[in-house]
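Here's the structure, in structure tokens; my notes come after.
For the numbers below, each heavy atom of this structure counts, side chains included, while hydrogens, waters and symmetry mates do not.
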Amino acid sequence: MTSGARWAPDRVLVTGVVLVLAATGFRTWAASRTWFYVDDFPIVATAAHDGIGLRSLVEPYIGHVMPAGRVAAWLTTVRVPYDYPVAIAELMALFALAGLGMLRLLRCLFGPHPAVLLLLAYFLFSPWLISLTSWWAAGINHLPALVATVWTLDAAVRYLRTPRRRHLVASLGWVVFGLAFAELALLAYVPLLLVSVCYFASGTLAERLGRLWHRHRPLVVAHGVLVAAYAAVYLSTAWGPQDAPEGGVPWRDYFVNVLGTVVPSAGIGGPARWDQVWAAQFDADPVGVVRVAGLAVVAGVFSLSALARDRALRAWTIPVAQLLVLVVLLAKTRVVFGPTFILDLRFTTPLAVGIPLAVGLAFLPVRDAVESSVARQRHWLLDRRLPAVLATAGFVALSVRSATTFPLLHVPEDSSPRAYFATFERSLDEHDAPVDLVDDHLPGYVFSGPEGRFSTALSQYGDRVRFPAVLHDEFYVADQTGRLVEPGLDIARRFAPPPPAPGCDGYPIDSTGRTVPLDGPVFGAVWRLRMEYTASAATPVTVTRGANVTQTTLLEGSHLLEMSGEGQYDAVRIEPADPGAEVCVHRLLIGTTDYPGRPTEG
């Protein structure tokens, strides 16, 4: 890796740009086989429903403050509902920007050395980027953090060499860019601090820190103020640590998983096999051969750097420090999911930058550094290009295999959100607009959170759909496949048997109103009230269920009415306002929405 003449700068640059374009093309192909998934829906649907006002932009989502991400979500709703080509374009733009930043950073550190292209290929095809370029919600948080890392570090290194204001401003600007998408951009400071201390200062740790303070105080102060200001806001508004489980955090299990599976398998391009534990967890699940080979490669590269290079071991502090920070953060904020959660590679994505950066720092001299790695003794693996080229080619090949086997590229048709919304749109086209819908929920395989209510998830369809509080006669729900169907009612309560009344087979009601008793009490928020009635004339009416009061209009003739039946009550009070209207309530039912194709979900 260290041998051979340097290439002409333009040759390295052009080849690097070609690599970025090729990798972006591959990631685009992979992303085209996916669609919006799980966490995408609450972010995108909320952006469409609430717009992009200041309050909605800064609303945290599972601990992430992501105003730029919410704008990106809104952009996927402007042209057509759930515009996935726009989502892919956003991810690919961020990926390409990260790739170009990595190329610039590597050339800044190591000059026009051909090994720069191998390190760049390692980053571009890293398995740590698979979920980020296949799943919009993951990518819109993590890719900007990687962009911030490489571009900030590049600007900071240039400032450490020649303290110019434009480099300082650029380093701050890229951090702010990343923070606009998520607090994860703060992880850029791990490699920034270690590169500054280990390669642009000398002496003891105290002497190195003192040198940075005295020679580069504007850089230290500016970034210190930025971090302090952001941390103060974030910790007071979005930080939500979880209580440790009984018996404490299982730190050993976290580190066994990350050091025994994540790093060795992904470090060589794996895992090639995945285990989808639940909808939003895709664990690396390498076969034994991949795991053993990865452990051997990690140990071999580390040993080779220690034997053949002086001042090489400090390079490995970057991925080690990243891992320590990531394990602590995951254990503090996602401990409820257990130590296996870290097997999902998106929780260790900074290693996509940290590992190739560490390899370069361990085996290549850093231009204009105070200290950097130098050769101690010759080694045939380092004196020839072929071993490094073959190793990188093998890494890329296994990484491509890992990307093509990623579960989101193989979602079954009967549990595909893309198929669900395509069916819904076809069904909607078959009905005259607007279509009234019961404000129920999307099926669980699409999204089961509170943002999964039809009124939020389907708001992008504008005036083609309505979600009135009170529905009359013709109304629908979307079934398990997305098809519009008329809902039934799984009946739990009925009105008590009515006394005989001339001309009415149920409860006759005049303008003085009437309390209709039920055959049992009602309690809870899941219920729907359905009433079949005949009115001699249209009349405003007040319907009272316990503490819940709804005002609507009864239509002339025989009709069906449905509204929310939530609350605590054992009778329903019905009060028509028109004294000339005679009303007969034929049936009054309390139950839950029932329609074909939707299994009962716990």
Side-chain angles (χ1 to χ4, degrees), residues 1-9 11-13 15-16 19 102-127 150 153 157 191 194-195 198-200 202 263-270 290 292-322 351-399:
M1 183 177 230
T2 58
S3 65
R6 295 177 181 270
W7 288 9
R11 190 176 175 187
V12 172
L13 177 60
T15 307
L19 276 175
M102 189 67 169
L103 173 61
R104 179 177 170 88
L105 170 62
L106 294 172
R107 291 178 73 244
C108 173
L109 289 170
F110 310 119
H113 196 291
V116 162
L117 300 175
L118 302 182
L119 299 172
L120 177 63
Y122 190 102
F123 169 76
L124 293 171
F125 290 92
S126 170
V150 294
L153 184 54
V157 168
L194 291 172
V195 168
C198 295
Y199 296 92
F200 290 90
S202 60
V263 171
S265 64
I268 63 169
V290 172
V292 171
L295 289 169
V297 169
V298 170
V301 172
F302 179 83
S303 300
L304 183 61
S305 69
L307 293 173
R309 307 286 294 182
D310 284 327
R311 295 193 291 273
L313 294 184
R314 67 185 66 181
W316 304 111
T317 61
I318 294 174
V320 169
Q322 287 176 323
L351 294 178
V353 171
I355 289 180
L357 181 61
V359 171
L361 293 170
F363 291 100
L364 297 173
V366 177
R367 294 187 343 176
D368 302 323
V370 175
E371 294 181 351
S372 73
S373 168
V374 295
R376 176 188 301 160
Q377 63 185 42
R378 298 177 65 87
H379 194 286
W380 68 272
L381 285 173
L382 302 178
D383 292 340
R384 296 172 176 82
R385 292 181 181 175
L386 186 59
V389 171
L390 291 177
T392 304
F395 170 85
V396 171
L398 188 55
S399 294

Q. What are the two closest heavy atoms between Tyr199 and Ala369, and how far apart are they?
A. O-CB, 3.3 Å

Q: Find the distance between CG (Leu313) and SG (Cys198) and round it off to the nearest 0.5 Å.
A: 11.0 Å

Q.
Any side-chain to backbone donor/acceptor pair from Ser303 onto Gly300? Under 3.5 Å, distance only.
A. no

Q.
If we ignore hydrogens and angles and just use 3.5 Å, is the side chain of Arg314 paired with the main-chain N or O of Leu361 as donor and acceptor?
A. no

Q) Looking only at heavy atoms, what is the nearest atom pair of Arg311 and Ser372, with distance? A) NE-O, 3.0 Å

Q.
I need the full list of side chain to side chain donor-acceptor pair (under 3.5 Å) pairs touching residues 351-362, with sequence neighbours left out, sorted by first then second residue.
A. none

**Q.** Heavy-atom pair with the smallest gap, counting every atom of Ile268 and Val290
**A.** CD1-O, 3.6 Å

Q: With sequence neighbours excluded, tell me which residues meet side-chain hydrogen bond (donor to acceptor under 3.5 Å, both in side chains) with Thr392.
A: none

Q) Under 4.5 Å between any side-chain heavy atoms of Val12 and Arg107, yes or no? A) yes

**Q.** Non-hydrogen side-chain atoms of Val301 and Trp316 separated by less than 4.5 Å
**A.** yes

Which donor-acceptor pairs under 3.5 Å do side chains of residues 119-127 form with protein atoms, sequence neighbours excluded?
unit_1	atom_1	unit_2	atom_2	d
Tyr122	OH	Gly267	O	2.7
Ser126	OG	Trp128	N	3.1

Q. Got Leu357 and Val150 here, is their nearest side-chain heavy-atom distance under 4.5 Å?
A. no

Q. Can you check whether Ala312's main-chain N or O pairs, donor with acceptor, with Ser373's side chain at less than 3.5 Å?
A. no

**Q.** Closest heavy-atom pair and its distance - Met102, Val353
**A.** CE-O, 4.1 Å

